[in-house]
Amino acid sequence: MSDNQTLIKVENLQKHYNGGAIKALDGINTEIKQGEVVVVIGPSGSGKSTFLRCLNLLEVPTGGSIFFEGVDITDEKTNINIHRQKMGMVFQHFNLFPHMTILKNMIIAPMKLRKKSEAEATELAMGLLRRVGLEDRANAYPSQLSGGQKQRIAIVRALCMEPEVMLFDEPTSALDPEMVGEVLEVMKQLAKDNMTMVVVTHEMGFAREVGTRVMFMADGKQVEEGTPAEIFDNPKSDRLQTFLAKVL
Amino acid sequence: MDLKRRFISNFLTDDRWKYLWNGLGVTLKVTFFAVLLGILLGVIIAIVRSTYEKNSSSMRMGFGKMILVFLNFLCKVYLTIIRGTPVVVQLMIMYYVILASSTNKVLVAILAFGINSGAYVAEIFRSGIMSIDAGQFEAGRSLGFNFVQTMRYIIVPQAFKNVLPALANEFIVLLKETSVAGYVALADLTKGGDIIRSRTYDAFMPLIGVALIYLILVMFFTWLVGKLERRLRSSER
Ligand SMILES: Nc1ncnc2c1ncn2[C@@H]1O[C@H](COP(=O)(O)OP(=O)(O)OP(=O)(O)O)[C@@H](O)[C@H]1O
Ligand SMILES: [Mg+2]
């Protein structure tokens with residue numbers, strides 16, 4: 001596939017709560033192309049998580065459309081489960097399955113959903129574990145791992161489904177500072193391997209270094225969008241300038 | 001001397017101990033299968049109820065929501081009726097009304113006590129499901145599991161582990177509760193003691209014997225549950 005094919009197209013996306021009293025998303029329009037790393041930044045409550053969670057319909061939008069590989073996934077007739085298999089998601093609090101070993105965490109979805117044999121799924125999982133340096137923890141349980149290790153596992157668990165896009169919601173926010181680096185490193189590697197990524201983060205260094213595009217959100221709207229250089233070195237709107245002054 | 005004579009006449013003459021022995025078998029059988037049925041019913045009801053509580057407000061109006069609302073209503077009716085009437089009455093209705101044509105009393109008792117137990121297991125299990133972090137459900141769905149798969153592989157196993165001691169307690173409660181099975185002339189442990197009493201005209205020996213057997217069983221299972229709880233706690237990583 002060529003590098004600039006549109007993977008996700010978002011049209012006038014809205015998410016209202018309490019009958020429109022809260023507009024968590026207020027008309028978002030964007031396109032995410034193959035291989036892009038879109039970093040979403042913005043103040044707390046601006047709708048970043050809501051936007052990300054709408055992309056795989058963990059939140060059901062109240063208006064607008066989302067096209068994934070050309071299919072309108074907000075259409076009620078679309079089987080969202082099929083599409084979610086191609087959209088990996090990494091959460092702030094890891095959400096590993098505590099009753100399963102690391103390996104089981106990784107192979108259960110490929111086995112049950114993609115009908116892979118245990119051997120096949122295990123081989124893929126072990127390969128990924130090696131890549132993040134955790135192959136010796138395959139038979140451990142999540143509670144036996146550090147936060148950084150848990151998040152690296154969460155990333156490779158999602159990768160086991162061989163997704164087209166990876167969604168990250170503040171993947172390093174729940175980590176002790178000394179563990180942030182190891183997770184960002186895995187994400188950087190992923191970007192280098194040309195994975196399409198949408199990342200909500202407060203790590204401005206990561207946004208600048210790895211992002212191909214930065215989206216700044218406030219009050220449920222995308223206030224400014226551009227390359228990292230445009231956003232960080234040449235912010236146009238007052239909102240963005242104020243925001244950057246606080247976080248940089 | 002007198003006690004010895006009474007012991008012999010109540011338990012040994014005509015192999016009367018067999019009433020207790022066979023009755024014990026019936027009691028254990030009814031309790032075991034009733035708990036299984038109760039768990040099956042309880043899990044289904046708990047899933048319906050907790051799904052309704054967690055999702056109904058955010059669901060789109062449509063076929064799925066209509067089914068959920070209907071199922072939740074059915075469950076509520078069931079819970080209200082079962083918890084609002086005595087188990088003996090339920091047992092008698094099952095035997096004399098619903099399954100009046102059945103001669104299998106053990107089956108009738110299993111159904112009546114199982115359906116009764118389901119209402120209590122449902123509440124135990126509902127609290128177990130509600131105590132699982134919402135992130136677990138989201139992680140399952142984000143991998144592409146549908147609702148039923150997420151419940152089956154991710155939520156229910158964790159909830160089950162959380163409520164295992166409470167389920168084991170339900171078994172102990174039911175073990176004692178089935179003692180009213182004599183109302184439909186089922187020859188359980190209690191009834192066995194009663195039959196002996198009607199033969200020997202001695203109330204003390206057979207009833208104390210029955211009480212002792214229940215007590216020993218309950219103490220044994222309580223000890224087992226305690227052991228189980230300690231093991232679960234130590235495996236909590
Ligand atoms: N279930 C809900 N009911 C009502 N309002 C909600 C609900 N979920 C989110 N909101 C509101 O939607 C807005 C956007 O929330 P969201 O979580 O997307 O923000 P965010 O940018 O991710 O913030 P943070 O940086 O704190 O994670 C907030 O004002 C929030 O209060
Ligand atoms: Mg957020």
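Since we're looking at a predicted model, the values are computed, not measured. Protein chains get the first letters and strands the later ones, always in sequence-line order, with residue 1 at the start of each.
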Colleague: Heavy-atom count check: over 12 atoms from other residues, nucleotides or ligands less than 6.0 Å from Tyr183(B) OH?
Modeller: no
Colleague: Relative to chain B, which of Arg157(A), Met87(A), Lys112(A) shows the most heavy atom pairs under 4.5 Å?
Modeller: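 Ranked by heavy-atom pairs under 4.5 Å with chain B, first place is Lys112(A).
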Colleague: Can you tell me which portion of Met161(A) sits under 4.5 Å from chain B's heavy atoms? Options are side chain, backbone, both or neither.
Modeller: side chain
Colleague: Can you name the nearest heavy-atom pair linking Gln85(A) to Gly144(B), along with the distance?
Modeller: CG-CA, 3.9 Å
Colleague: Could you report the tightest heavy-atom contact between Leu143(B) and Leu113(A), atom names first, then the distance?
Modeller: O-CD1, 3.5 Å
Colleague: Heavy-atom distances under 4.5 Å only: say whether Arg53(A) touches chain B with side chain, backbone, both or neither.
Modeller: side chain
Colleague: Is there a side-chain contact between Asp133(B) and His93(A) in this structure, where contact means two heavy atoms from C-beta onward sitting under 4.5 Å apart?
Modeller: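 No, side chains not in contact.
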Colleague: For each of Arg114(A), Arg84(A), Met89(A), tally heavy-atom pairs with chain B at distances under 4.5 Å, and name the one with the top tally.
Modeller: Arg84(A)
Colleague: Should we say atom CD of Glu162(A) is surrounded by more than 12 heavy atoms from elsewhere, each under 6.0 Å from it?
Modeller: yes
Colleague: For Phe97(A), is it the side chain, the backbone, both or neither that has a heavy atom under 4.5 Å from a heavy atom of chain B?
Modeller: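 Backbone plus side chain of Phe97(A), per the 4.5 Å heavy-atom cut-off to chain B.
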Colleague: Examine distances only and state if a side-chain atom of Asn95(A) and a backbone atom of Gln136(B) form a donor-acceptor pair shorter than 3.5 Å.
Modeller: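 No; zero donor-acceptor contacts below 3.5 Å.
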Colleague: Using a 6.0 Å cut-off, check whether atom NZ of Lys86(A) has over 12 heavy atoms from anything other than its own residue.
Modeller: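 Yes, the 6.0 Å shell around NZ holds more than 12 heavy atoms from other groups.
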Colleague: So for Leu167(A), is it side chain, backbone, both, or neither that comes closer than 4.5 Å to the heavy atoms of chain B?
Modeller: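 Neither part; nothing is under 4.5 Å.
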Colleague: Given heavy-atom pairs under 4.5 angstrom as the criterion, report whether the side chain, backbone, both or neither of Ile108(A) touches chain B.
Modeller: both
Colleague: Tell me whether the count of non-hydrogen atoms from other residues, nucleotides or ligands lying under 6.0 Å of CD in Glu123(A) goes above 12.
Modeller: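 Counting other residues, nucleotides and ligands, CD of Glu123(A) stays at 12 neighbours or fewer.
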Colleague: At their closest point, which heavy atom of Tyr153(B) faces which heavy atom of Met100(A), and how far apart are they?
Modeller: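 It is O-CE, 3.4 Å.
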Colleague: What do you reckon, is CE of Met219(B) surrounded by more than 12 foreign heavy atoms closer than 6.0 Å?
Modeller: no
Colleague: Go through the side-chain N and O atoms of Asn56(A) and Arg141(B) and say whether any donor and acceptor fall under 3.5 Å apart.
Modeller: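 No - no donor-acceptor pair under 3.5 Å links their side chains.
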Colleague: Does NZ belonging to Lys116(A) count more than 12 external heavy atoms closer than 6.0 Å?
Modeller: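 Counting other residues, nucleotides and ligands, NZ of Lys116(A) exceeds 12 neighbours.
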